[in-house]
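Heads up: the structure comes next, in structure tokens.
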Amino acid sequence: MAASTVTSGSLVYERRVERVHKYHWPAIQLNLWMLIMLISACTIIGVFATFIQIQGQLLLPVPWYFPYYITVSALVVSFIIVLLWLIFQRRLLPSIVMIGGFILFVLWLVGLIVISVQLWGPTGSVSSNCNLFVFGANPQPVGQSLQTLAWLQQKSVCQSWQAVFAFGMVGAIFLLWIMVMAYQVFVGYS
């Protein structure tokens with residue numbers, strides 16, 4: 001932007017230079033991060049939404065960590081949408097990614113710890129019940145019966161818990177990775 005001033009018949013130009021710092025994000029790594037985090041978040045949303053529906057059908061109270069992890073996963077999806085919008089506007093700053101990644105990492109880690117306690121807790125844990133009643137069932141029911149259908153449903157619930165833990169662990173690692181990547185972009189390593 002240039003401003004001009006006229007003084008006693010002479011023209012003086014004042015020149016202002018605006019420097020816009022551009023950050024170079026590694027496109028493949030960023031896209032891979034978004035894809036894996038979308039898969040992790042959507043899997044957790046889907047599994048816990050199903051668990052809430054099952055709890056409601058059985059007239060059981062819903063544990064606090066089901067809606068908690070659904071909310072955190074929805075925040076991750078929203079964060080990715082904001083990142084995409086900033087990328088399309090060419091305004092993605094490493095500081096936004098680092099701060100958002102750190103906040104989501106802490107929230108995600110709380111959910112992961114709670115899931116770990118429920119899955120492998122001291123007594124009556126999901127894993128011990130699954131090992132006792134599902135994976136340790138001998139003989140495993142076969143044929144077209146309600147017992148086989150119930151066993152398959154129990155196996156599905158057990159495997160869903162294992163999937164939530166696995167995707168929770170992957171999500172925590174990837175949230176750490178995005179903070180490291182944002183720092184590298186900030187200092188210019190990319």
Side-chain angles (χ1 to χ4, degrees), residues 32-85 96-142 144-182:
L32 179 67
W33 180 85
M34 285 190 276
L35 177 67
I36 298 298
M37 286 308 297
L38 278 174
I39 291 169
S40 296
C42 290
T43 299
I44 290 171
I45 289 171
V47 168
F48 280 155
T50 303
F51 284 178
I52 288 175
Q53 187 269 331
I54 291 170
Q55 294 286 107
Q57 190 72 28
L58 295 172
L59 300 175
L60 294 172
V62 176
W64 67 270
Y65 47 87
F66 288 176
Y68 173 82
Y69 224 167
I70 288 174
T71 305
V72 172
S73 296
L75 285 173
V76 168
V77 172
S78 302
F79 181 65
I80 291 171
I81 291 170
V82 168
L83 289 182
L84 286 171
W85 183 78
I96 294 171
V97 176
M98 279 191 274
I99 292 169
F102 177 74
I103 292 169
L104 290 172
F105 174 74
V106 171
L107 294 172
W108 193 276
L109 194 61
V110 169
L112 183 61
I113 291 168
V114 170
I115 296 308
S116 300
V117 169
Q118 294 301 316
L119 195 54
W120 293 293
T123 56
S125 68
V126 173
S127 182
S128 65
N129 285 333
C130 286
N131 288 337
L132 184 63
F133 298 114
V134 178
F135 302 121
N138 227 352
Q140 295 177 346
V142 293
Q144 297 178 3
S145 67
L146 284 178
Q147 183 182 9
T148 303
L149 188 59
W151 181 81
L152 288 172
Q153 182 62 35
Q154 287 175 329
K155 182 179 178 187
S156 174
V157 168
C158 292
Q159 290 173 334
S160 294
W161 273 97
Q162 293 168 346
V164 164
F165 176 76
F167 281 106
M169 184 66 78
V170 167
I173 292 168
F174 271 63
L175 283 167
L176 277 175
W177 181 36
I178 195 68
M179 288 187 286
V180 170
M181 186 190 323

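Quick caveat, the model's predicted, so the values are computed rather than measured. These numbers come from the heavy atoms of this one structure, side chains and all, not from hydrogens, waters or symmetry mates.
Trp33 places a side-chain heavy atom less than 4.5 Å from the side chain of Leu83. Val110 is listed as a side-chain neighbour of Tyr68, based on a closest heavy-atom distance under 4.5 Å. Counting only heavy atoms from C-beta outward, the side chains of Met37 and Leu175 approach each other to under 4.5 Å. Put simply, the side chain of Ser156 does not reach to within 4.5 Å of the side chain of Leu152, judged on heavy atoms. Side-chain contact check for Leu176 versus Met179: some heavy-atom pair is nearer than 4.5 Å.
Among all heavy-atom pairs drawn from Pro67 and Val62, the shortest one is CD-CG1, 3.9 Å. The shortest heavy-atom contact between Phe79 and Gly101 is CZ-N, 4.0 Å. Here the shortest heavy-atom pairing between Val170 and Ser40 reads CG1-OG, 4.0 Å. Nearest heavy-atom pair across Gly121 and Ser125 is N-CB, 3.4 Å. Summarising the geometry of Pro61 relative to Gln55, their closest heavy-atom pair is O-NE2, 2.7 Å, with the distance given to 0.1 Å.
Counting heavy atoms of neighbouring residues, nucleotides and ligands inside a 6.0 Å radius, atom CZ of Phe102 does not exceed 12 of them. Atom CG of Leu58 sits in a crowded spot, with more than 12 heavy atoms from other residues, nucleotides or ligands closer than 6.0 Å.
To the nearest 0.5 Å, atom CD1 of residue Ile45 and atom CZ of residue Phe66 are 14.5 Å apart. To the nearest 0.5 Å, the span separating CG on Asn131 from SG on Cys158 amounts to 8.0 Å. One distance of note links OG of Ser145 with CH2 of Trp151; it measures 11.5 Å at 0.5 Å rounding. Note: Gln57 CD to Ile52 CD1 = 14.0 Å, rounded to the nearest 0.5 Å. In this structure, CZ on Phe165 lies 10.5 Å from OG on Ser127, to the nearest 0.5 angstrom. Taking CG from Leu38 and OG1 from Thr43, the interatomic distance works out to 10.0 Å, rounded to the nearest 0.5 Å.
Note on ring orientation: taking the six-membered ring where Trp is involved, the planes of Tyr65 and Phe48 are perpendicular (angle over 60°, cut-offs 30° and 60°). Ring geometry for Phe174 against Trp177 counts as perpendicular: the plane angle is over 60°, on a 0 to 90° scale with 30° as the lower cut.
Checking each of Ile178, Leu109, Val76, Ile99 against Leu104 for a side chain to side chain contact (heavy atoms under 4.5 Å, CB included) leaves exactly one that passes, namely Val76. Of the listed residues (Gln153, Gln140, Gln159, Lys155), just one forms a side chain to side chain contact (heavy atoms under 4.5 Å, CB included) with Val134, and that residue is Lys155.
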Review point. So Leu112 and Tyr69, side chain to side chain contact (heavy atoms under 4.5 Å, CB included) or not? Walk me through it.
Key: CA-CA 9 Å; Leu112 183 61; Tyr69 224 167; 4.0 Å; yes
Exercise for review: Let me see the working for Cys130 and Trp161 under side chain to side chain contact (heavy atoms under 4.5 Å, CB included), right down to the final yes or no.
Suggested key: CA-CA 10 Å; Cys130 286; Trp161 273 97; 5.9 Å; no
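At distances below 3.5 Å, not a single donor-acceptor pair connects side-chain atoms of Ser73 with backbone N or O atoms of Cys42.
Outside the 6.0 Å centre-distance limit, the rings of Trp108 and Phe105 are not counted as a close aromatic pair.
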